[in-house]
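Heads up, the thing below is written out as structure tokens.
Here is how names work: the chains are called A, B, and so on, in the same order as the sequence lines, proteins then strands, and each is numbered from 1. Keep in mind that the numbers below use all heavy atoms, side chains included, and drop hydrogens, waters and symmetry copies.
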There are 2 protein chains.
Amino acid sequence: MVFSKSFGYALRSILYVVMINENQSRVQIQEVADNLQIPKHFLGKIMKMLAKEKIIDSVKGPFGGFSVNDGTTSIPLIRLMELTDGLEQFQECSLRLRKCNADKPCPMHHRIAQNRNELIAMFSSTTVGDLIKSDDKDFIYSI
Amino acid sequence: MVFSKSFGYALRSILYVVMINENQSRVQIQEVADNLQIPKHFLGKIMKMLAKEKIIDSVKGPFGGFSVNDGTTSIPLIRLMELTDGLEQFQECSLRLRKCNADKPCPMHHRIAQNRNELIAMFSSTTVGDLIKSDDKDFIYSI
DNA sequence: TGATAAAAAGACGTTGACCTCTTTTATGAG
DNA sequence: CTCATAAAAGAGGTCAACGTCTTTTTATCA
Ligand code: FES
Ligand code: FES
């Protein structure tokens, strides 16, 4: 249950852009990379992908940068995961024997299936916006 | 929550050796590799490691092979995980920001911590033997 | 003792995640 | 229109997980 670097970078960057956009119209890669300590060129690829997928908007040139759009905060986490890690890890058997299947369970299946389904449910029902609306905003200092 | 190939190979191989040893004193890599469809030479490394860690016994030469010992079935799954994958994934932040810490939670922490602790508890309390004693032995066909 | 069988050891190859660097393209200011 | 700026694009590098192959060591038995 440790996700890819790309997933963490993508999620944290989106949260950063959402929050900065409350006061400032655009955010540049350099600023995100500096503040979140993410390798700049690697982040560029991730944000380019997020823009292509219309999760955020981007503008080139002077005074350009990235900004949120109407859909940004309603993106479910599982959609982000799909883009960065793929959804295989949610469908695959934990021992990588095949597609996870209760009718042909692997030795771990019955001990892990419920835990796993809870994780899938959380990822499906939680949106980027939910993370920000959260009562507990401690995390903001950890974006 | 998909574990390394090495973990799956190690767990399934141990279960295979435990079950075969009920009727036959030793099991050779070739037999395990054939029956569990695991790359033979790669499996050799894993079983060598398991033998060095005294989780199973090994004998070289003609009629040699691997066998269980008194401790085999009481090995907790978390010990296997420690040997194959390391325990970092259980302590690290899901977004890889640092050691997971509720006082400085990452954006995902509060949505994932309980699920994660349940997984750790299961890995700590379940032994190789528990998997075999299980009432539900469907999984045997999937080892 | 010599032939043989099986694990141990270790060199080497492959692939994907992660990261860096350079060049190209788009856009706003003067 | 030209220049500066910032994203887009893409070539390339590193490293660990995964896998293959060959050689060495150890044990058995005729
Ligand atoms: S069959 Fe392996 S986890 Fe479901
Ligand atoms: S701080 Fe990130 S999962 Fe606990």
Q) Of all the choices, dA6(D), dA9(D), dC18(C), which nucleotide is nearest to the side chain of Lys48(A) once you look at every atom? A) dA9(D)
Q: Could you run through nucleotides 22-30 of chain C and give me one letter per nucleotide, 5' to 3': B if any protein heavy atom sits under 4.0 Å from the base, S if only the sugar-phosphate is that close, - if neither?
A: B--BBBSS-
Q | Integer-rounded Å distance: dC19(C) C1' and Met49(A) CE | A | 16 Å
**Q.** Position toward the 5' end of DNA chain C (nearest nucleotide), Ser6(A) or Gln28(B)
**A.** Gln28(B)
Q) For dA8(D), does either OP1 or OP2 sit under 4.0 Å from a side-chain N or O belonging to Ser58(A)? A) yes
Q. When you measure from every atom of DNA chain D, which of residues 9-18 of chain B have a heavy atom less than 4.0 Å away?
A. Tyr9(B)
Q: Take atom CG of Leu36(B) and atom P of dG19(D), then tell me their distance rounded to the nearest Å.
A: 14 Å
Q: Answer yes or no: are there more than 12 heavy-atom neighbours, outside Gln114(A) itself, under 6.0 Å from its atom CD?
A: no
Q) Is there a donor-acceptor contact under 3.5 Å from the side chain of Arg98(B) to the main chain of Glu92(B)? A) no
**Q.** Heavy-atom pair of closest approach, residues Asn21(A) and Ser67(A)
**A.** OD1-CA, 3.2 Å
Q. What's the CD-C1' distance between Glu88(A) and dG16(C), to the nearest Å?
A. 13 Å
Q. Is the backbone of Phe3(B) close enough, under 3.5 Å, to the side chain of Arg96(A) for a donor and an acceptor to pair up by distance?
A. yes
Q.
If you only use heavy atoms from C-beta on, which nucleotide in dG10(D), dC18(C), dT20(D) is closest to the side chain of Lys45(A)?
A. dG10(D)
Q) Can you check the Glu53(B) CD to dA8(C) P distance for me, whole Å? A) 13 Å
**Q.** Selected nucleotide, minimal atom distance to Phe42(A) side chain, candidates dC19(C), dA7(C), dG19(D)
**A.** dC19(C)
Q. What's the CZ-P distance between Phe7(A) and dA17(C), to the nearest Å?
A. 16 Å
Q) Rounded to the Å, how far apart are Ile56(A) CD1 and dA6(D) C1'? A) 14 Å
Q.
Classify the ring geometry of Phe123(B) against Phe7(B): parallel below 30°, tilted from 30° to 60°, perpendicular beyond 60°.
A. tilted
(Q) Has Asn115(A) got a side-chain atom pairing as donor or acceptor with Asn115(B)'s backbone, closer than 3.5 angstrom? (A) yes
Q) Is Arg79(A) paired with Glu53(A) through a side-chain N to carboxylate O contact shorter than 4.0 Å? A) yes
Q | Side chain proximity check, Pro76(A) to Ser124(A), heavy atoms < 4.5 angstrom | A | no
Q. Taking side chain as C-beta onward, heavy atoms only, is Phe66(A) less than 4.5 Å from Ile29(A)?
A. yes
Q. dC21(D) C1' sits how many Å from Leu43(B) CG, rounded?
A. 16 Å
Q) Can you tell me how far P of dA17(D) sits from CZ of Phe3(B), to the nearest Å? A) 16 Å
